[in-house]
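Worksheet: one structure, shown below.
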Amino acid sequence: DSWPSTSDVHELLAHASAYGASIAFLFFPSDGAFWQRSFGSSVTNCEVWAFGIRFEEFVSDVRRSLETVGLLKAAHSKKP
């Protein structure tokens, strides 16, 4: 899998650093299954992710991505 390229990650981290973001991620089209790749944390403590999103499942794949990075509460989780 060639996505994301090194330059994609460098650009993402430059923008994340400028905004002081603790999480940064990229979406890419996926012809097959939904995929996710964690790159760990950068030296600025920004968690870096990439996600493959299927057009046919766009909403559910984006939701799943946001749940993965902790920006959206999982639909199946219970309220405290």
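In this text, all values refer to a predicted model and were calculated from it rather than measured experimentally.
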More than 12 heavy atoms of other residues, nucleotides or ligands under 6.0 Å from CD of Glu11: yes or no?
no
If a pair satisfies ring pair (Phe, Tyr, Trp, His ring centres under 6.0 Å) and one of its residues is in residues 37-73, list it, with sequence neighbours excluded.
Trp49-Phe51
Is there a continuous path of hydrophobic side-chain contacts, each under 4.5 Å between heavy atoms, that joins Val69 to Trp35?
no
What's the spacing between Glu56 CD and Ser30 OG if we round to 0.5 Å?
8.5 Å
Do His10 and Ser5 make a side-chain contact, defined as non-hydrogen atoms from C-beta onward lying under 4.5 Å apart?
no
With sequence neighbours left out, the residues meeting salt bridge (Lys or Arg N to Asp or Glu O under 4.0 Å) with Arg63 are none
Test question: given the 4.5 Å side-chain rule for I, L, V, M, F, W and Y, name all other residues clustered with Val43, or answer none.
none
At their closest point, which heavy atom of Glu67 faces which heavy atom of Lys73, and how far apart are they?
OE2-O, 3.8 Å
Sequence neighbours excluded, which residues qualify as side-chain hydrogen bond (donor to acceptor under 3.5 Å, both in side chains) partners of Thr6?
none
Side-chain touch Val48/Ser38, heavy atoms, less than 4.5 angstrom:
no
With sequence neighbours excluded, tell me which residues meet side-chain hydrogen bond (donor to acceptor under 3.5 Å, both in side chains) with Thr44.
Ser42
Does the Asp61 side chain pair with the main chain of Arg54, one donor and one acceptor, at a distance under 3.5 Å?
yes
In a table with atom names and distances, give each donor-acceptor pair under 3.5 Å that connects a side chain of residues 13-27 to protein atoms at least two apart or in another chain.
none

Shortest non-hydrogen separation from Gly52 to Phe34 and the atoms involved
O-CD1, 3.3 Å
Give, for atom CZ of Arg64 and atom CD of Gln36, the distance between the pair rounded to the nearest 0.5 Å.
6.0 Å
